[in-house]
Q: 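Supplied in structure tokens, the structure appears directly below.
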Amino acid sequence: MKKRLSHNLVSAVNSLHLSGSSKPLSFHKKTRFIQTVQTCNNLVLPTLTHSKILKSGLLNDTIITNHLINGYIKSQQISQAHQVFDEMPEPNVVSYTSLMSGYISASKPQLCLWMFREMHNSLVLPNEFTFATVVNACSILADLQKGKQVHGLVEVFGFRFNLVVCSSLVDMYGKCNEVDFAQLVFDSMADKNVVSWTSMITAYAQNGRGNEALEVFREFNLLDWEIPNKFMLASVINACASSGKLVSGKTTHGAVIRHGHDSNDIVASTLVDMYAKCGCIVYAARVFRRVQNPCVIPYTSMIVAAGKHGHGKVSIELFEEMIDKRIKPNDVTFVAVLHACSHSGLVDQGLEYFNSMSWKHGVVPEAKHYTCVVDMLSRIGRFDEAYRLAKSIKVNPNEGASLWGTLLSASRLHGRLDIAVEASKRLIESDQQVDGAYVTLSNAYVLAGEWENANDLRKKMKQTGVCKEPGCSWIDIKDSTYVFYAGNISFKRGTEVLRMLKELEREMKEKGRSKGLVFVDVEEEAMEETVDHWLKRLNREP
DNA sequence: ATAGGGTTAG
């Protein structure tokens, strides 16, 4: 590899022979030059060739300069690329589009949009590459408004029949949680390929509509003109995981093996995740151990899987194993570890990991990590620390919602009304999950016996039209899905379930694990009666 | 010359 690089370097210089002379290059030399820049993948080469081009006066040649821009982008020197762009007398579509996609690979999608606006103000017209790129920026930002604007321009410029542009539109609508729009675009497409089908499946899978994702997958298979690839299979398994479909998950696992994708890291990660979410931790572990040289992603999935099943110690072992193998943990890995510690009561170890993130592993804690720690501390009743930590960081509305939401539900469980009030105030301020905040706070009042406050809050909800959709869980048995709504036991064998819960509660109390279960997830006005009824019943019973 | 899809938490 090293040899090839230095060879490139030499040939770059040789192919130019430019020093001093400003003679136009021969076609042959230009081609040689372009080939050299294309293969460059180190930091020195673009700069070196840049200076050669500068001396030769070739910087006015748009094609040559575009190659230089791409050279800088490939070697991750986006600001240099932009500088070259700025000095171009006549940038064309490629110059603009290259820089735009450069900004995306530099994880600066905002600047990609900015470049697109610049382009719009110039006389250069966008092409299908430009649109695919800018739509991609919108989906990374999950910016529906921008996405729709760009979609309008796609129609205006006549790219609505372009396969790639439409695939990225499907993806964009999916990432913006507008699955029905995604379906609309998908249905309007004349040409479809594995990528567009995968985008559609992913859109459903990532929006909690696993059934429809599987339906689309079935439709794809019925066409029988292309076989699913690893991208598609990963997405389908994700759909199974998020809707708890073990049987479909196993069937898809079969397809993964048949198509020879079982050695793929990411596919294995989705399988680990799917089995863990469907309750089969043993299968999850088996799939994980079969991965040769797992990278950070399967490790993280397995850490999550163990943590979810209450094996926090195993999560920690996996983390340490990973570090020993010199695999660098990322931000998600730490969420997983902290989450695992939190759910297994390994608070001190969790705090230790949290404090070592930055200096030991080079991962700067973000809001989501603070949220985990707040969760960890408040779970065991260390509210004052949790509250202090939550107050100490700056968050955007979205992050604030999960941060204060975590604190709110924990403080309700522990009956810390003061913190519950404070947390819900902040939650309502963040203008996210307002419905949930109202309900949880009102439940906290109920728990503290402050019925009047609870009623006031209910009234306020009615006035402002805030209404909470009832939460639910479900399980698939054979071909049927059984759905259970929060606060509702009016299904078959409901009383049996309640009796079982009481029994579990008794055992937990005996082992000192719980101060008592809370059965007050009043989600709807109409259910208040039944819940009150239970509450009284539960209080009456010893 | 420049473009599209997969994973991990709550």
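Order of the sequence lines sets the chain letters (A, B, ...), proteins ahead of strands, with each chain counted from 1.
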Q: Taking 4.0 angstrom as the limit, do A/Asp331 and A/Lys368 come out as a salt bridge?
A: yes
Q: Round to a whole Å and report the spacing from CG of A/Asn330 to C1' of B/dT7.
A: 10 Å
Q: Nearest of B/dG6, B/dG4, B/dA9 to any side-chain atom of A/Thr202?
A: B/dG6
Q: Output the rounded distance in Å from OH (A/Tyr275) to P (B/dT7).
A: 18 Å
Q: My understanding is that only residues two or more places apart in sequence, or in another chain, count here; which of them pass salt bridge (Lys or Arg N to Asp or Glu O under 4.0 Å) with A/Arg209?
A: A/Asp180, A/Glu212
Q: Categorize A/Thr198 for me: base, sugar-phosphate, or nothing, with a 4.0 angstrom heavy-atom threshold over every strand shown.
A: base
Q: Under the 5.5 Å and 30° test, is A/Phe231 stacked on the base of B/dG5?
A: yes
Q: What about A/Ser168, does its side chain sit under 3.5 Å from the base of B/dG4 through a donor-acceptor pair?
A: no
Q: Between atom CE in A/Met200 and atom C1' in B/dG4, what is the gap in whole Å?
A: 15 Å
Q: I need the residues from residues 176-193 of chain A with at least one non-hydrogen atom less than 4.0 Å from DNA chain B; give them sorted by number, or say none.
A: A/Asn193
Q: Taking CG from A/Asp273 and P from B/dT7, how many angstroms apart are they, rounded to a whole number?
A: 10 Å
Q: Checking all strands, does A/Val296 fall into the base, sugar-phosphate, or nothing category for heavy-atom contacts under 4.0 angstrom?
A: nothing
Q: Using the six-membered ring wherever Trp is involved, compare the ring planes of A/Tyr283 and A/Tyr275 and label them parallel, tilted or perpendicular (cut-offs 30° and 60°).
A: perpendicular
Q: Please give, in whole Å, the distance from B/dA1 P to A/Met88 CE?
A: 15 Å
Q: What is the distance, to the nearest angstrom, from the CG atom on A/Asn127 to the P atom on B/dG4?
A: 13 Å
Q: Just N and O in the side chain of A/Lys175: are any of them under 4.0 Å from OP1 or OP2 of B/dG4?
A: no
Q: Scan A/Asp265 against the nucleic acid and name what it touches under 4.0 Å (heavy atoms): base, sugar-phosphate only, or nothing.
A: nothing
Q: Using a 4.0 Å heavy-atom cut-off, does A/Leu163 contact any base of the nucleic acid, only the sugar-phosphate backbone, or nothing at all?
A: base
Q: Counting only side-chain heavy atoms from C-beta out, which of B/dG6, B/dA1, B/dG4 sits nearest to A/Ala234?
A: B/dG6
Q: B/dG6 base to A/Asn229 side chain: any donor-acceptor pair below 3.5 Å?
A: no
Q: A/His151 NE2 to B/dG4 C1': how many Å, rounded?
A: 15 Å
Q: What nucleotide among B/dA9, B/dG4, B/dA1 has an atom nearest to a side-chain atom of A/Val94?
A: B/dA1
Q: Can a side chain N or O of A/Asn92 be found less than 4.0 Å away from OP1 or OP2 on B/dA1?
A: no
Q: Starting at atom CD1 of A/Ile78, determine the distance to atom C1' of B/dT2, rounded to an integer number of angstrom.
A: 13 Å
Q: OP1 or OP2 of B/dT7 versus the side-chain N and O atoms of A/Asn238: is any pair under 4.0 Å?
A: yes
Q: Report yes or no: does A/Ser168 contribute a side-chain atom to a donor-acceptor pair with the main-chain N or O of A/Val164 at less than 3.5 Å?
A: yes
Q: Would you mind checking if A/Glu321 and A/Arg289 are paired as a salt bridge, meaning a charged N to carboxylate O distance below 4.0 Å?
A: yes
Q: Can you identify which nucleotide, out of B/dA3, B/dG5, B/dA9, has its nearest atom closest to the A/Asn162 side chain?
A: B/dA3
Q: A/Thr97 side chain: which of B/dA9, B/dT2, B/dG5 is closest?
A: B/dT2
Q: Counting C-beta onward and ignoring hydrogens, is there a side-chain heavy-atom pair between A/Leu125 and A/Phe157 closer than 4.5 Å?
A: yes
Q: If you only use heavy atoms from C-beta on, which nucleotide in B/dA3, B/dG6, B/dT8 is closest to the side chain of A/Lys277?
A: B/dT8
Q: What's the closest nucleotide to the side chain of A/Phe129 if the choices are B/dT7, B/dG4, B/dT2?
A: B/dT2
Q: What contact category does A/Gln206 fall into here, base, sugar-phosphate, or nothing, at under 4.0 angstrom with non-hydrogen atoms?
A: sugar-phosphate
Q: Any base atoms under 4.0 Å from A/Asn136, or only sugar-phosphate, or nothing? Heavy atoms, all strands.
A: sugar-phosphate
Q: Restricting to non-hydrogen atoms, name the atom on A/Val267 and the atom on A/Ile237 that form the minimum distance, rounded to 0.1 Å.
A: CG1-CD1, 4.3 Å
Q: Taking distance alone, no hydrogens or angles, what donor-acceptor pairs closer than 3.5 Å link side-chain atoms of residues 109-120 of chain A to residues at least two apart or in another chain?
A:
none

Q: Decide yes or no on side chain to side chain donor-acceptor pair (under 3.5 Å) for A/His361 and A/Tyr353, but give the supporting numbers first.
A: CA-CA 10 Å; A/His361 305 284; A/Tyr353 282 123; over 6 Å; no
